[in-house]
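Below is one structure, written out as structure tokens, with a few remarks after it.
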Amino acid sequence: MKNQTRNARRGLACLAMSSLLFAACSNSSAKDTSIESEASVIATITEIQDSTFLVEPIEGSEELKSSDVFSVSHVDVEMPADLEVGDQVEIFYNGQIQETAPATLDGVERIEAVK
């Protein structure tokens, strides 16, 4: 009887340890997938100001669900020097859109000319 009780306790301890190990592994992989990914949008420059652009996303862009005009800060942003009104650009940002007037693409990291 004592052996059965001892074996049952060992089995429960192994089961508890396995459950804890499994839970720890699943939490770490969930954290890996929650890393914010970079988003991008292709848009046409409609106005160039001192530190910002106004742009209109091209037809079919997800960003059009938020607004048809966006303000994009180009201070300290990697981008071509010769951009002009009417040029199409791809804007890489953190995926967040600020609901301002006009809407603002948040966390812009770089802007590339679209050929």
Donor-acceptor pairs are to be reported for all side-chain atoms of residues 105-115 against protein atoms at under 3.5 Å, with residues two or more places apart or in another chain.
from   : atom 1 : to     : atom 2 : distance (Å)
Asp106 : OD1    : Gln98  : NE2    : 3.0
Arg110 : NE     : Glu112 : OE2    : 3.0

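Identified under the ring-ring contact (aromatic ring centres under 6.0 Å, His included) test for residues 96-115, with sequence neighbours left out: none. Within the structure, no pair that satisfies the salt bridge (Lys or Arg N to Asp or Glu O under 4.0 Å) test touches residues 49-59, not counting sequence neighbours. The side chain to side chain donor-acceptor pair (under 3.5 Å) pairs that include a residue from residues 70-87 number zero, where partners must be two or more places apart or lie in different chains.
When each of Ile45, Val72, Thr44, Ile42 is checked for a side-chain contact (heavy atoms from CB on, under 4.5 Å) with Val89, only Ile45 meets the rule.
Considering only residues two or more places apart in sequence or on other chains, Glu90 meets the side-chain hydrogen bond (donor to acceptor under 3.5 Å, both in side chains) condition with Ser40. Ser67 pairs by the side-chain contact (heavy atoms from CB on, under 4.5 Å) definition with Phe70, Ala103, not counting sequence neighbours. Residues satisfying the side-chain contact (heavy atoms from CB on, under 4.5 Å) test with Ser61, not counting sequence neighbours, are Val41, Pro57, Ile58, Glu63, Leu64. Every residue two or more places apart in sequence or in another chain that forms a side-chain contact (heavy atoms from CB on, under 4.5 Å) with Gln49 is listed here: Glu47, Thr52, Leu54. For Glu62, the salt bridge (Lys or Arg N to Asp or Glu O under 4.0 Å) test picks out Lys65, with sequence neighbours left out.
Follow the hydrophobic side-chain contacts under 4.5 Å out from Ile48 and you reach Met79 in the same cluster.
Under the 4.5 Å side-chain criterion, counting only non-hydrogen atoms from C-beta, Phe53 is in contact with Leu83.
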